[in-house]
Number of protein chains: 2
Amino acid sequence: MNLEEVARRAGVSRSTVSRVLNGSTGVSPATRAAVEAAVASLRYLPNQAARSLAGTRTDTVAIVVSEERDRVFDDAFLTGVLRGATSGLAGRRAVVAVNPREVSDVDGALVVSMSGHDPLPRELRVPVVLVGRPLSCGLAYVDSDNLGGGVLAGRHLIARERRRIGVLAGPSDVAACVDRVAGLRRALSSSPPAGVITCALTPDSGAAAMASLLASVPDVDGVFCATDAIAIGALRYLASVGARVPEEVSVVGFDDSLVATVCTPALTTVRQSPDDLGNTAAWRLVAELAGEPDLPQSIVLPTELVVRGSS
Amino acid sequence: MNLEEVARRAGVSRSTVSRVLNGSTGVSPATRAAVEAAVASLRYLPNQAARSLAGTRTDTVAIVVSEERDRVFDDAFLTGVLRGATSGLAGRRAVVAVNPREVSDVDGALVVSMSGHDPLPRELRVPVVLVGRPLSCGLAYVDSDNLGGGVLAGRHLIARERRRIGVLAGPSDVAACVDRVAGLRRALSSSPPAGVITCALTPDSGAAAMASLLASVPDVDGVFCATDAIAIGALRYLASVGARVPEEVSVVGFDDSLVATVCTPALTTVRQSPDDLGNTAAWRLVAELAGEPDLPQSIVLPTELVVRGSS
DNA sequence: TCGGGGGTTGGGAGCGCTCCCACGGCGGAG
DNA sequence: CTCCGCCGTGGGAGCGCTCCCAACCCCCGA
């Protein structure tokens with residue numbers, strides 16, 4: 001089943017069918033109708049390989065998940081982004097890859113990378129949109145309003161009359177964490193945090209960080225954690241030393257992952273929407289591929305405070 | 001950059017380069033080395049579109065995530081399968097799709113579908129391997145040993161001297177749930193469950209199911225939940241009515257998702273490995289595409305009981 | 001010495017499509 | 001009425017590769 005057959009069926013030429021199938025300017029309505037009828041009755045599907053070979057585009061976009069370290073991504077974050085992205089790709093094929101080097105023959109790429117300094121996106125010779133703000137390079141990106149979310153968390157802790165606030169900040173090379181903590185600092189401007197501990201993005205690391213925070217600031221009464229995973233560890237440690245949450249210490253996380261609703265007490269956190277992130281990034285990439293002018297270099301999606309029992 | 005250039009650089013013909021790049025029988029060692037050197041120095045990457053067009057395969061596999069209902073999949077399950085699958089695809093490209101109808105121009109497909117009766121895989125005109133046992137069709141599949149896991153859970157409840165065991169069974173058209181419950185029944189053969197409630201795969205639905213189980217079997221002392229998500233709801237409901245877990249009621253889940261470690265008490269559950277599932281399915285598909293004979297129609301991966309505080 | 005065969009290699013054809021140019025027919029202007 | 005220009009259409013070229021067949025070379029046996 002190829003163009004030629006459709007053309008024969010419609011009583012026109014290959015070229016005309018191609019015109020109808022594509023942008024198709026300058027085809028008379030009658031001809032167009034005939035072609036469309038032939039396409040429908042033959043259930044014709046264009047051969048993507050031939051299209052790519054002859055044309056200048058592949059109608060394929062790479063989704064690169066750069067997961068260098070162990071499971072830095074919240075699984076729900078990743079599936080959300082993936083789900084949003086695939087639905088926003090407007091008919092283009094999505095090839096997923098873990099390694100950007102594997103990527104070739106695509107029109108563009110969506111790169112989900114936690115590490116803010118990842119040089120790999122630059123090596124792709126196609127338009128790239130990042131999911132998550134990069135720390136170093138100047139590529140287009142879509143990100144949650146981590147700074148604003150941090151501000152919300154900070155204001156909330158202040159409203160709860162917390163005065164000795166500690167921060168479990170996550171890694172210093174993860175832009176999202178950096179921004180979240182920056183937001184908190186902004187909200188706390190008059191009274192800076194009593195202690196800031198960097199840590200990895202796991203509950204265990206969060207627990208360890210909570211321990212050292214408590215060691216250096218024994219009277220801490222509020223803890224802002226850069227991610228829910230860290231907060232889970234913090235809660236666990238606090239419980240293990242008998243500190244009451246939220247009476248003695250308020251704990252606020254970030255992400256609103258599923259665990260935030262399940263832990264005890266349920267976690268006050270800042271919600272972001274991974275689906276929207278993926279979807280928006282896909283939209284931005286598609287727009288760029290379509291040649292739309294004046295596209296924003298960065299897009300920031302709102303975050304929202306969700307108050308639960310831990311604060 | 002095309003074959004011709006590589007050929008010129010290596011001082012051979014297009015055909016010879018092609019031979020080296022592919023299975024390549026009958027190329028002299030010297031020639032092969034020259035070609036490989038040229039390929040390397042030119043950083044040549046074959047054009048996938050041209051390959052697909054000229055050859056009989058596309059080196060592309062579809063990963064179809066058939067997520068009809070709302071979020072039936074545990075996110076961690078999906079990311080695990082995806083991660084495992086992409087790494088097991090042996091260099092083939094993976095295109096992800098939500099709808100099998102979008103899929104064309106692929107050599108084969110991996111279908112992750114919760115619904116056991118999905119007719120869509122059959123419509124794909126390529127080899128298909130399912131992740132998860134289908135209820136109706138006879139396609140090749142890879143699945144966790146849900147039955148065996150159910151048996152482990154049942155034996156565990158018996159060892160805990162539970163005698164009035166209830167089941168929150170999940171939906172009756174989800175093969176994994178059906179199998180898990182069947183395993184439990186097998187372990188409990190001499191004393192069948194005191195009550196079986198079907199429910200959706202969400203904590204809320206689990207909580208509601210726990211309520212009706214408690215209504216019909218007030219003295220229930222053990223609950224087997226077909227998934228951790230259901231178990232979370234059950235725990236929540238039990239806590240809300242003041243039932244002590246595990247003293248009065250033992251609760252066992254299935255999946256060993258992250259929440260199982262976070263809830264209170266931590267959940268005894270059956271562990272499966274989504275990564276292995278995806279990886280094995282990919283391997284099976286690749287083997288079939290490579291024409292390997294005598295491939296198993298079904299592959300079942302082991303599950304493992306993880307005992308925590310809830311039982 | 002000559003012919004035959006196997007191991008290597010080269011080149012043509014063609015996959016299905018897009019792009020581009022050329023061609024025919026029609027209407028309006030001169 | 002003729003000429004020009006435009007709209008709509010057809011067909012050639014060629015994208016980069018694989019597949020197939022033919023050509024070649026060298027070594028062996030007769």
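In this text the structure is predicted, and so the values were computed from the model without any measurement. Every chain is numbered from 1 and lettered A, B, ... according to where its sequence line falls, protein lines coming before strand lines. Atoms considered below: every heavy atom in the structure, side chains included; atoms not considered: hydrogens, waters and symmetry mates.
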In the structure I gave you, are the side-chain heavy atoms of [X] and [Y] within less than 4.5 Å of one another anywhere?
{"X": "B:Thr16", "Y": "B:Thr31", "result": "yes"}
{"X": "A:Ser66", "Y": "A:Val112", "result": "no"}
{"X": "A:Val96", "Y": "A:Val65", "result": "no"}
{"X": "B:Val286", "Y": "B:Leu89", "result": "yes"}

Quick one, B:Asp107 with B:Thr60, criterion side chain to side chain contact (heavy atoms under 4.5 Å, CB included). Give me CA distance, side-chain angles, the key distance, then yes/no. CA-CA 6 Å; B:Asp107 295 338; B:Thr60 300; 5.7 Å; no
With heavy atoms under 4.0 Å as the rule, sort B:Thr31 into base, sugar-phosphate or nothing.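 It contacts sugar-phosphate atoms only.
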Quick one: label B:Ser15 by what it contacts on the DNA or RNA (base, sugar-phosphate, nothing), any heavy atom closer than 4.0 Å.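 It contacts base atoms.
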N or O in side chain of B:Thr16 less than 4.0 angstrom from C:dG10 OP1/OP2: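 Checking B:Thr16 against C:dG10: at least one side-chain N or O falls below 4.0 Å of OP1 or OP2.
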Closest heavy-atom contact between A:Leu21 and A:Pro46?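 Minimum heavy-atom contact is CD2-CG, 4.4 Å.
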Looking at every heavy atom in both A:Asp105 and B:Gln48, which two are closest together, and how far apart are they? OD2-N, 2.7 Å
Figure out the CZ/P separation between B:Arg32 and C:dT8, and round it to whole Å.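 Answer to the nearest Å: 10 Å.
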Hey, does the side chain of B:Asn146 reach the backbone of B:Asp179 with a donor-acceptor pair shorter than 3.5 angstrom? no
Got a list of protein N/O to nucleotides 5-7 of chain C N/O distances below 3.5 Å?
none

If you assign each of B:Arg19 and B:Leu45 to its closest nucleotide in DNA chain D, which residue comes earlier from the 5' end? B:Leu45
Reading DNA chain D 5' to 3', which nucleotide is the first, and which the last, to come under 4.0 Å of any heavy atom in chain B? D:dG16 to D:dC20
Specify the residue among B:Ser28 and A:Glu4 whose closest nucleotide of DNA chain C lies further upstream toward the 5′ end.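 This one resolves to B:Ser28.
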Closest to the 5' end of DNA chain C, once B:Ser13 and B:Ala54 are matched to their nearest nucleotides, is B:Ser13
